Amino acid sequence: MTVTAVCPGSFDPVTNGHLDVIRRASSRFDRLLVACLRNAGKQPLFDVDTRLDLLNEVVADLDNVEVAAFDGLLVDFCLQRGVTVIVKGLRAVSDFEYELQMAQMNSHLGDVETFFMTTSPIYSFLSSSLVKEVARFGGDVTDFVPSAVVDRLAEHL
Ligand code: PNS
């Protein structure tokens, strides 16, 4: 049986923490779909095409990974693609409460199971929001995001 999992997110922008989860998940499933929420937040820094371009660039070496955009409910995307496993990274206990709610809601709405992966400790403090804040105030983000993202952040901010 071939198992495809989906790794969803806003990816505004993709961080080394996201990439770590994507890499590790891709080695455990036959195929991994990275699903980028089109309308992420009220005002994403990067439009969806830029977020997809960056994702495609950083997963280019992973043969079993595909990047796609989605709108609406994640379970509907899963249904359309025949995916029954969602993979989420957990950074800290503070992530758990909301992730648990989402996992239970998604399981209620559709035939999907959420598998949680603990993030690697070196990335446990990382978030796209913090990276954007550091970059906005001129801080060095080279440890936190792939180089392609560093360049795009510099262009945008
Ligand atoms: O990177 P993020 O912003 O934490 O990702 C959140 C995301 C995109 C995974 C979540 O907001 C989502 O799945 N949105 C799609 C809408 C949906 O299905 N909502 C119900 C889930 S309980």
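Quick caveat: nothing in here was measured; it's all calculated off a predicted structure. In each ligand, atom 1 is the first atom listed, and ligand 1 is the first ligand listed.
In this structure, F125 and R91 have side chains that are not in contact, with every pair of non-hydrogen atoms separated by 4.5 Å or more.
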For ligand 1, run through the N/O pairs with the protein that fall under 3.5 Å and put one pair on each line.
from: ligand 1; atom 1: 1 (O); to: S10; atom 2: N; distance (Å): 2.9
from: ligand 1; atom 1: 3 (O); to: S10; atom 2: OG; distance (Å): 2.5
from: ligand 1; atom 1: 18 (O); to: L74; atom 2: N; distance (Å): 2.8

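One finds a salt bridge joining R81 and E66 here, because a Lys/Arg side-chain nitrogen approaches an Asp/Glu carboxylate oxygen to under 4.0 Å. One finds a salt bridge joining R24 and D20 here, because a Lys/Arg side-chain nitrogen approaches an Asp/Glu carboxylate oxygen to under 4.0 Å.
Note on ring orientation: taking the six-membered ring where Trp is involved, the planes of H18 and F11 are perpendicular (angle over 60°, cut-offs 30° and 60°).
With rounding to the nearest 0.5 angstrom, the CG atom of D53 is 8.5 Å from the CG atom of D47.
A donor-acceptor contact closer than 3.5 angstrom is absent between the side chains of D12 and S10.
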